[in-house]
Amino acid sequence: MNTDLPKGYDPAQVEQKWFRCWEERGDFHADEKSPKPHYSIVIPPPNVTGVLHMGHALNNTLQDILCRWKRMTGHEVLWMPGTDHAGIATQNVVEKQLAAEGKDRHELGREAFIERVWTWRSESGGQIINQLKRLGASCDWERERFTMDEGLSKAVREVFVRLYDDGLIYRDNRLINWCPRCHTALSDLEVEHDDKKGNLWHLRYPVVGTDRYLVVATTRPETMLGDTAVAVHPEDERYSDLIGKMVLLPLVNREIPVIADEYVDKEFGSGAVKITPAHDFNDFEIGKRHDLEFINVLDESGIINENGGPYSGMERYSARVQIVADLESQGLLEKIDDYANAVGECYRCKTVIEPYMSKQWYVAVKPLAAEAIKAVETKETVILPPQWEKTYYEWMYNIQDWCISRQIWWGHRIPAWFCDDCGEITVSREDATACSHCGSSNLQQETDVLDTWFSSALWPFSTMGWPEETEALKKFYPTSCLVTGFDILFFWVARMMMMGIKFMDDVPFKEVYIHALVRDAQGQKMSKSKGNVIDPLTIVDEYGADAFRFTLCAFAAMGRDIKLSTERIGGYRNFVNKLWNASRFALMNLEDFDPAANSLDGLELSHADQWILSRFASAAEEANKALGAYKFNDVASVLYSFTWHEFCDWYVELSKEDLYGEDAAVRSRTQTVLYTVLEGLLRLLHPILPFVTEEIWQVLPGERPTITIMQAEYPVGDVIPTSAAAVAEMEIVMDVIRAIRNVRGELDVPPGKRIQVVLDCKNSAAQVAVESGRSHILSLARVENLQVGIDCERPKQVSTQVAGDVEVLIPLAGLINVEEEEARLLKEMAKVQKDVDFFTKKLSNEKFVANAPPQVLEKDRGKLAAAEEKKAILELSLLKIRTLK
RNA sequence: AGGCACGUAGCUCAGUGGGAGAGCACUACCUUGACACGGUAGGGGUCGGCGGUUCAAUCCCGCCCGUGCCUACCA
């Protein structure tokens, strides 16, 4: 066995080695036939086009921590991985490839294009899967799914047909968000609103039969080509005489009516609004109310169509410039104001979207949403942290029908066929060959595909084999938990809730844990366009996956965004290295140790042993508690401080004399404790630091019940009972050591210098405690002559410090000068004086004494007494020191 | 416009109705046989501002200022 660990931890080879080992051994695999209680998570499927970013890193690290923890606590864990087919994004990628070859998809035709996408996918899609593995993600990779897989596609058809049959899917011709570049409709959610600087153009529309103008304001002057009315508020006196009259639409010379509608805000602009029912959502509603004409002036690429008269064939923004210029030359441009407003952009390509009339497929979501709301209200699904519940309700109560059809090729083609003969629609699970209305075989399949989120919404059950009744579904549905960022709460979580309840008759997950967004150090959202992205894999290369994971875990406090700083990652890299070196120390001292031949049972444990074992128990307890409550940062902090500040700083140091001493029994007892605590600590840390813990665990001496630490049991608390009294005595010894070190440090006593110390104890209990730690005090405080007693004889020139019931006296002779000690005492006294003042004031407040709970009172009185006593001792010492000057 | 967060040490962030914490950075000393990615000691904050509730507020409530995010049809 190799116990010669290198001096510094080198993550690179270690990570690769263990990940391969786990995967080959099947440690990640979930067994649906297992009798163990289940724990399941479906991964939020990243886009097949995606590359790992910080959001993925955080999201998957948290899931992995949960999954590894649950495996270790005896659960059969299914973490279902996969990617989604990202319809628009993927099609864009492949279209770009084609463009580089001077082709476009229409030349290839639909089938060849789709084939080309599949080729792209198998060659360069899904890189993110390997990137997730580099983080240590313990998904059941054998089950990896893709939303375009055959099984998942079958689920999509099943759902479509059933929703259609239930009347929840329908077709309608209305305004939708149209991306003129992607040439497809988008759902409301897929439009991003960004405040942009623009203008408000004030146009003059001549009133027919008068010499008056009606001034209207618009942010999109080119739409005037499609105006079919001007609206004013019915109670606006300025215009009441014009209602019912006609204005002459400039440039196109069309007479359009002045109508009255409550929608108009009298205060805004001129109080008169041009109405373009075919190109504006509000105008659309007004158009319907007033039975106006809907004139579409754009084609699907955003180019003015034949309805635009002289502007026909112009691109929308060129047309805007031209129209403004023409209006101006005709004296019909009143003024141009600067104006900022939220412009809708395509979330995939950032092209400004156009409200566009077209016939699309919709899901009537209101009835589904009602059930999804109920499930959260009744806590069948719990959303954490709870403030997100409100956001969820808000969205669900105001939900609009979901436009699910996309005019692209890559995706699940809508299973609907139009009959050439009777014009009716046939919707079918199998490809239709005959019209279900007239029997005709002259059918054309709908060319549109479904929104990618439609298939994502089925993910929690489609990945488990639905619509088949599989063992996996029986065992693992509903899933235990969903871990995700709030940015897809509506896109995904809400829709999974609706679909899960509708088709599985049960919620898709019992808990939803919403985590923060990772931002850069300035708090900006990371984005390629801002150039502020930090590549997680670069971080992994530089600091190691474990250090990165620990950082994410430590930062993942509920309800707050994460501003990632590389300094902090460096700090946790040091932590991993610290663990590594503490382990090296242990291994060096465990070479002759056999865990099988040594047990804690029946050993007479030292105070130090009992202290570290009791601290370990409490760290384990807190870690479990925090993990169960998704308090990832608490887990990190508990384990960090136990590892570094208790195990390394104290126990490792305390153990040295016993390990290096002559007494074989003492040595073996200490080895047993050292082994027990380190081995347990590695298991405690494993969910966060999977790689380094496995590497160390594997070289520990002896055999353990499982082959890998992954499958080992998670520590829960006490390894063996410890005596509270012994632990308390150890704490006193530690306080004394700290007090001596404090004096040494303050008075600049060289660290190597061995000194004399007198410990004057107030009572025999303190004396017993101190005596029990005599050897520790000698070694850790570098003391060569230690006197312990009650009412000891005090050397004349001493430095005085107080540690609870123990007065720490350090003879000055030859060490330090009187002035320095005087200064130190004054500083120390100033601190104590603050305490005395604070508690004196507090306790002299009659109302406080009358109202505060007795335990608070008692505690504060104790604190005051202790402070006063300490002050008295220091004061006396100061007097004595001053007589020596 | 509405909603939701946030404002704590130089920086990044925890935290709690009862004397303010961590990491990094900083200062001093130290190559002590696991570790200089280290050790020991230390300095540093009227917990955004103003009011209120309370014996007690950084924490609860109100208002204000600042920052960020989400939702929304003001042309």
Side-chain angles (χ1 to χ4, degrees), chain A residues 5 7-9 193 200 216-220 223 231 263-265 267-276 280-285 339 341-342 355 387-388 390-391 394-395 398 486-487 489-490 517 519 521 523-525 543 547 551 554-555 557 559-589 633-634 636-637 640-641 648-649 652-653 656 660 738 741-752 779-782 834-835 838-839 842 845-853 855-857 859-860 863 867:
Chain A
L5 297 183
K7 193 168 170 181
Y9 173 59
H193 296 275
L200 194 57
V216 297
T218 179
T219 54
R220 296 187 297 155
T223 62
Y263 157 77
V264 179
D265 178 357
E267 310 303 320
F268 190 90
S270 62
V273 190
K274 60 189 272 309
I275 302 298
T276 325
D280 182 281
F281 290 102
N282 298 310
D283 295 4
F284 179 82
E285 294 302 321
Y339 190 71
N341 70 333
Q387 67 250 32
W388 290 108
K390 203 175 167 182
T391 312
E394 194 72 20
W395 158 257
N398 297 310
F486 59 81
D487 48 336
L489 183 63
F490 308 138
L517 237 51
R519 301 174 186 282
Q524 300 282 308
K525 200 167 171 175
Y543 298 95
T551 310
F555 267 114
R560 195 202 257 261
D561 283 345
I562 295 177
K563 287 191 236 170
L564 199 69
S565 75
T566 49
E567 287 84 2
R568 212 110 164 217
I569 305 172
Y572 291 118
R573 187 254 333 261
N574 297 352
F575 173 73
V576 171
N577 196 53
K578 186 76 180 175
L579 174 69
W580 179 259
N581 277 292
S583 305
R584 283 180 67 216
F585 165 82
L587 288 163
M588 284 173 186
N589 289 287
N633 61 314
D634 285 356
S637 122
Y640 184 98
S641 65
C648 294
D649 288 352
V652 164
E653 296 306 323
K656 282 178 180 172
Y660 298 152
R738 283 190 199 100
R741 284 171 167 177
N742 166 261
V743 173
R744 295 184 62 125
E746 290 283 295
L747 296 183
D748 288 332
V749 177
S779 67
L780 297 191
R782 301 240 143 200
K834 267 191 189 169
D835 294 353
F838 179 84
F839 288 106
K842 200 170 176 186
N845 180 346
E846 284 168 31
K847 284 180 178 170
F848 172 66
V849 178
N851 290 301
Q855 28 330 350
V856 172
L857 222 51
K859 206 170 109 197
D860 284 0
K863 283 179 178 175

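Labels below follow one simple rule: chain letters A, B, ... track the order of the sequence lines, proteins then strands, and each chain is numbered from 1.
- If you check every strand for non-hydrogen atoms under 4.0 Å, A/Asn341 touches sugar and phosphate atoms only.
- For the pair A/Asn851 CG and B/rA57 P, the interatomic distance rounds to 13 Å; values are reported in whole Å.
- The side-chain heavy atoms of A/Phe555 and A/Arg568, taken from C-beta on, include a pair separated by under 4.5 Å.
- When the C1' atom is compared between B/rG44 and B/rC61, the two are found 33 Å apart, to the nearest whole Å.
- Atom CD of A/Gln855 sits in a crowded spot, with more than 12 heavy atoms from other residues, nucleotides or ligands closer than 6.0 Å.
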Nucleotide by nucleotide, nucleotides 38-44 of chain B touches protein heavy atoms under 4.0 Å in the pattern (B base, S sugar-phosphate only, - none) SSSSSS-

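- Searching all strands for a Watson-Crick or G-U wobble partner of B/rG44 with both distances below 3.5 Å returns nothing.
- For B/rC35, neither phosphate oxygen OP1 nor OP2 lies less than 4.0 angstrom from any side-chain nitrogen or oxygen of A/Tyr9.
- Using a 4.0 Å heavy-atom distance criterion, A/Lys7 is classed as a sugar-phosphate-only contact.
- With C1' as the reference atom, B/rU54 and B/rG18 are 12 Å apart, rounded to whole Å.
- Contact annotation for A/Tyr572: no contact, since no heavy-atom pair falls under 4.0 Å across all strands.
- Looking at which nucleotide of RNA chain B each of A/Asp280 and A/Ala342 is closest to, the 5′-most match is held by A/Ala342.
- Aromatic ring orientation, A/Tyr572 versus A/Tyr640: perpendicular (interplanar angle above 60°, classes split at 30° and 60°).
- Nucleotides B/rC35 and B/rG10, compared at atom P, are 35 Å apart to the nearest Å.
- Note on A/Tyr543: nothing from the nucleic acid sits closer than 4.0 angstrom, heavy atoms only.
- Closest to the side chain of A/Arg782, out of B/rU32, B/rA75, B/rG18, is B/rU32.
- Ring-plane geometry between A/Phe585 and A/Tyr660 is classed as perpendicular, the angle between the planes exceeding 60 degrees on a 0 to 90 degree scale with a lower cut at 30.
- Between A/Phe486 and A/Trp388, the ring-plane angle classifies as parallel under the 30° and 60° cut-offs.
- Pairing for B/rU71 goes to B/rA1, judged as Watson-Crick or G-U wobble with the two contacts each under 3.5 Å.
- With a cut-off of 3.5 Å on both pairing distances, B/rA34 has no Watson-Crick or G-U wobble partner at all.
- At the heavy-atom level, A/Glu653 lies under 4.0 Å from base atoms of the strands shown.
- Residue A/Arg584 contributes atom CZ, which lies 6 Å from atom C1' of B/rA34 at whole-angstrom precision.
- Between A/Phe848 atom CZ and B/rA57 atom P there is a gap of 11 Å when expressed in whole angstrom units.
- The gap from the P atom of B/rA20 to that of B/rC47 amounts to 10 Å, rounded to the nearest Å.
- Base-pair partner of B/rA9: not found among the strands shown (Watson-Crick or G-U wobble, both distances under 3.5 Å).
- The side chain of A/Phe555 lies closest to B/rC13 when the candidates are B/rC13, B/rA34, B/rC55.
- A/Lys656 comes within contact range of at least one nucleobase, with a heavy-atom separation under 4.0 Å.
- When the nucleotides B/rU71, B/rC55, B/rA34 are ranked by their closest atom to the side chain of A/Ala852, B/rC55 comes out on top.
- Distance noted for atom P between B/rG42 and B/rG7: 29 Å (whole Å).
- Within the shown strands, nothing qualifies as a pairing partner of B/rA20 under the Watson-Crick or G-U definition with both distances less than 3.5 Å.
- Remark: B/rC29 base-pairs with B/rG39. Criterion, Watson-Crick or G-U wobble with two distances under 3.5 Å.
- Base pairing analysis places B/rG62 opposite B/rC50; the two distances defining the Watson-Crick or G-U wobble pair are each below 3.5 Å.
- For A/Asp748, the listed nucleotide lying nearest its side chain is B/rA28; candidates were B/rG18, B/rA28, B/rC35.
- Listed nucleotides B/rA34, B/rC55, B/rG18 differ in distance to A/Lys847; the shortest reach to its side chain belongs to B/rC55.
- Only the P atoms considered, B/rG39 is 39 Å distant from B/rA57, to the nearest whole Å.
- Within 4.0 Å (heavy atoms only), A/Val216 reaches no atom of the nucleic acid at all.
- Only the C1' atoms considered, B/rA25 is 14 Å distant from B/rC13, to the nearest whole Å.
- Checking A/Val856 against A/Arg220, the closest nucleotide of RNA chain B that is more toward the 5' end is the one next to A/Val856.
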_Stepwise side chain to side chain contact (heavy atoms under 4.5 Å, CB included) test for A/Trp395 and A/Leu489_ = CA-CA 10 Å; A/Trp395 158 257; A/Leu489 183 63; over 6 Å; no

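- Contacts of A/Phe281 with the nucleic acid, taken as non-hydrogen atoms under 4.0 Å apart, are absent.
- Contacts of A/Thr218 with the nucleic acid, taken as non-hydrogen atoms under 4.0 Å apart, involve only primed sugar atoms and P, OP1 or OP2.
- At a threshold of 4.0 angstrom between heavy atoms, the contacts of A/Ala582 include nucleobase atoms, whether or not backbone atoms are also involved.
- Rounded to whole Å, the separation between the C1' atoms of B/rC59 and B/rU8 comes to 11 Å.
- At B/rU32, none of the side-chain N or O atoms of A/Tyr660 fall inside 4.0 Å of OP1 or OP2 (strictly under the cut-off).
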